[in-house]
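Here the structure is laid out as structure tokens; the discussion comes afterwards.
Note that ligands are numbered from 1 as they come in the structure, with each ligand's atoms numbered from 1 the same way. The structure displayed is predicted, hence computed values, not measured ones.
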Amino acid sequence: MEQTNKKRIFSAIQPSGVITLGNYLGALRNWVSFQEEYECIYALADLHTITVRQEPAALRKNTMEAYALLLACGVDLDKSLFFIQSHVHQHAELAWILNCYTQFGELSRMTQFKDKSLKHADNINAGLFTYPALMAADILLYGADLVPIGADQKQHLELARDIAIRFNGIYSPTFTVPEGFIPKTGARIMSLADPTKKMSKSDENVNATICLLDRPEDIMRKFKRAVTDSEACVRYAEGKDGINNLMGIYSCVTGKSYEEIEKEFDGRGYGDFKTAVGDAVAAHLAPIQEKFRAYMADKAFMEKSYRESAEKASYIAEKMLAKVKRKIGFVGK
Ligand code: TYM
């Protein structure tokens, strides 16, 4: 990545399991498209994953697979940095500092904390609670102007902005106050089994989630089983959560507007529509899956790539961390 005057982007994803169509349509496809216009820094947020207990061998495997899959999606190492969060120690260090500028009340209001504490009632650890301060550190370390995310991360991004503004106000301008980028379509892809719930990596129902590495026949089966309604009319309307979700997915992968989709399926049943969505998604994912297999066959390339990116990221992050420490009043080494 060259030094330029381009605006900077940071975003990350947790390598905590399979990567879903929701991750892809809500965030990853924008990571890819922004690479021409912005200086992009991307990470696998492995520090975030341990807020929920991970099996060590599975975490290692998921991290390598996520690295290969994101390269396959189009993260381009000639244009962007792409590293593993735990390789850049400054993230954890700034997170500690930012914890001291984040209020208990603010963290208590985070809906993801409330949801995850219900789901993992046996392990409501301090990391799960302070997770948004680590996410703020990720973003603020690089002076990111823009953060492409799905709608579910909006509250965390807003807190990162509040922390930046607070720190700048106490000392003097230090952090760039980042903007979120949430796409108009695809920001909240819903579960195929329960379209009132977001599609999630951790859903136990395999039919609820499309994974980027699903076989075409599984993709088709899941779409055919997708929960819809009994109206049998393909149109975007309040209360038609299942159809609205399928229309959103179809629109993202084909580029067609909702009006065009309604026209295309006028007078046709849901069976035809679901088959068309399944075909379009499988066709969109086929080249990504092929590239994924090629990257997985070249582990040496991946290792070299994430090490080099981490080294460059660390250089940028260290400058910011040193500035923060100076402002606070820590004595320099
Ligand atoms: P994570 O790993 O849960 O998700 C990665 C990205 O995918 C988006 N996303 C979705 N978008 C649409 N529909 C869905 N059903 C859906 N599910 C997930 C998420 O909004 C996210 O953009 N805390 C973050 C990772 C992170 C991060 C950061 C992001 C760590 N540090 C700094 C931005 C900046 C997370 O858990 O995302």
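- With sequence neighbours left out, the side-chain contact (heavy atoms from CB on, under 4.5 Å) criterion links Q90 to V88, L141, S314, A317, E318, L321.
- Under the 3.5 Å distance criterion, the side-chain polar atoms of N244 are matched with a main-chain donor or acceptor of K240.
- Criterion: ILVMFWY side-chain heavy atoms under 4.5 Å apart, direct or through other members. Under it, I139 and L107 are part of a common hydrophobic cluster.
- Sorted by chain and number, the heavy-atom contacts of ligand 1 below 4.0 Å come from F10, S11, A12, I13, Q14, G22, N23, G26, A27, A45, H48, Y131, M135, D138, I139, V147, I149, G150, D152, Q153, G186, A187, R188, I189, M199, K201.
- Rounding to the nearest 0.5 Å places CG of N205 at 9.0 Å from NZ of K222.
- Residues forming a ring pair (Phe, Tyr, Trp, His ring centres under 6.0 Å) with Y236 (at least two apart in sequence, or on another chain): Y258.
- Looking at residues two or more places apart in sequence or on another chain, you find no side-chain hydrogen bond (donor to acceptor under 3.5 Å, both in side chains) involving D115.
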